[in-house]
**Student:** 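Before I ask anything, let me first share the structure, which is written out below as structure tokens.
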Amino acid sequence: MQMSISRGIFVSYFALFLCVCVVYEPCVQAWSKEGHSMTCKIAQDLLGPEAKHAVQMLLPENVNGDLSALSVWPDQVRHWYKYRWTSPLHFIDTPDQACNFNYQRDCHDPHGVKGMCVAGAIQNFTNQLSHYRHGTSDRRYNMTEALLFLAHFMGDIHQPLHVGFTSDEGGNTIDLRWFRHKSNLHHVWDREIILTAAADYYGKDIDLLQEDIKGNFTDGIWSGDLASWRECSDIFSCVNKYAAESINMACKWGYKDVKSGDTLSDDYFNSRLPIVMKRIAQGGVRLAMILNRVFGDSKEDSLIAT
Ligand SMILES: *[C@@H]1O[C@H](CO)[C@@H](O)[C@H](O)[C@H]1NC(C)=O
Ligand SMILES: *[C@@H]1O[C@H](CO)[C@@H](O)[C@H](O)[C@H]1NC(C)=O
Ligand SMILES: *[C@@H]1O[C@H](CO)[C@@H](O)[C@H](O)[C@H]1NC(C)=O
């Protein structure tokens, strides 16, 4: 009797907990697994020997040294109790229509806790990883997790709609059609544009798409931009730059001429595709830059103020 009452109570609390989750945690996603995986693969190809070794050492054995295999791990765990605190770290909400980013104003969780946003998280995990090579890691921190979070959040901060307006949750509440099927503006930027490109131009082969992106920064349209993409004097100013670029693009390309109920098709796809491709490339190149610097492949100064 005693047992079944407490179980009943447990079950109702659990049901309540589920409802609260559903109401307050709409499915805010990140770059799709394709986007994250491309960012990680681009980055891993650009690692120097020290960073390559460190990444290999930090990854669990079952992925055979492939960072991209765990690129969406942070999305999978964000709803687990142990990792609930990481949920606000995937994005930034900026004031509606402001179209700019201000760290002091915008980087906080829904309760106002400072630093709990994607820009703060990248600094945090870069900082944690920077102790790895000197063997001064704080035992409270798990370096494997720091690497997985950093790799994922470098993708997220480059997805323009991850730095979006507050009231529409970065486009998540703007329901619309993508060609013939139902979607929302956030999801169009996370995934639809990538999948439509893969289907239309690469026979649905994401590896071919990724090779094309790589070709465009090694000796194609972006090859002259690489040095400026990599420029970074310290991690704080860099995350500020990445977030500002994203909200800028969100306004100029994401939200532009879009309202709930619209159908987006060829015009939108063709004009936005180059932006999505460039952001995936930039995320990968910059993730490699950070890893090369924290693990000692780069002669440049530390990214972290000491
Ligand atoms: C930094 O990471 C630690 C755990 O590794 C966490 O407790 C803290 O909340 C994080 N802060 C931010 C801003 O990500
Ligand atoms: C670090 O985190 C990974 C992934 O969550 C886990 O598998 C591993 O056991 C952790 N390592 C330590 C030393 O806690
Ligand atoms: C690479 O550049 C070419 C030439 O501008 C362009 O047609 C193509 O769409 C680009 N591919 C990607 C994936 O960015």
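As the structure lists them, so they are numbered: ligands from 1, and atoms in each ligand from 1.
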**Student:** What do the steps show when you test L89 against R78 for side chain to side chain contact (heavy atoms under 4.5 Å, CB included), and what is the final call?
**Tutor:** CA-CA 9 Å; L89 303 182; R78 64 188 286 190; over 6 Å; no
**Student:** Is it true that K52 and D297 make a salt bridge, defined as a side-chain N closer than 4.0 Å to a carboxylate O?
**Tutor:** no
**Student:** Closest approach of A119 and F101, non-hydrogen atoms and distance?
**Tutor:**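 Closest approach of A119 to F101: CB-CZ, 4.2 Å.
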**Student:** By number and element, which atoms of ligand 1 are closer than 4.0 Å to a non-hydrogen atom of G115?
**Tutor:** 13 (C)
**Student:** Among F153, W80, F149, find the residue that satisfies the ring pair (Phe, Tyr, Trp, His ring centres under 6.0 Å) test when tested with W73.
**Tutor:** F149
**Student:** Under 4.0 Å from any heavy atom of M277, which atoms of ligand 3 are there?
**Tutor:**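 Close to M277: 13 (C), 14 (O).
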**Student:** Within a distance under 4.0 Å of any heavy atom of I221, pick out the atoms of ligand 3 and give their elements.
**Tutor:** 2 (O), 5 (O)
**Student:** Can you name the residues that come within less than 4.0 Å of ligand 2, going by heavy atoms only?
**Tutor:** W73, Y83, N142, E145
**Student:** Which atoms from ligand 1 have a heavy atom of N124 less than 4.0 Å away?
**Tutor:** 1 (C), 2 (O), 3 (C), 8 (C), 10 (C), 11 (N), 12 (C), 14 (O)
**Student:** Give a yes or no on whether K256 atom NZ has more than 12 heavy-atom contacts from other residues, nucleotides or ligands under 6.0 Å away.
**Tutor:**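 Counting other residues, nucleotides and ligands, NZ of K256 stays at 12 neighbours or fewer.
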**Student:** Heavy atoms only: give me the nearest Y103-G115 pair and the separation to one decimal.
**Tutor:** OH-CA, 3.8 Å
**Student:** What part of Y202 sits under 4.0 Å from ligand 3 if we count only heavy atoms: the side chain, the backbone, both or neither?
**Tutor:** side chain
**Student:** When H162 is tested against each of D190, D93, I247 for side-chain contact (heavy atoms from CB on, under 4.5 Å), which residue passes?
**Tutor:** D190
**Student:** Just jot down the ring-ring contact (aromatic ring centres under 6.0 Å, His included) partners of Y255, sequence neighbours excluded, or say none.
**Tutor:**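 Expected list: F165.
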**Student:** Show me which atoms of ligand 1 lie under 4.0 Å from any heavy atom of L89.
**Tutor:**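 Once the distances to L89 are compared, the set is 14 (O).
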**Student:** What atoms in ligand 3 come closer than 4.0 Å to a heavy atom of W222?
**Tutor:**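 Selected atoms, number and element: 14 (O).
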**Student:** Can you sort out which atoms of ligand 3 are near I213, meaning under 4.0 Å from one of its heavy atoms?
**Tutor:** 13 (C)
**Student:** Using the six-membered ring wherever Trp is involved, compare the ring planes of H158 and Y242 and label them parallel, tilted or perpendicular (cut-offs 30° and 60°).
**Tutor:** tilted
**Student:** Please check if the number of heavy atoms outside H108 that lie under 6.0 Å from its NE2 is greater than 12.
**Tutor:** yes
**Student:** Would you mind running through ligand 1 and noting each atom that sits below 4.0 Å from a heavy atom of Q128?
**Tutor:** 1 (C), 2 (O), 3 (C), 4 (C), 5 (O)
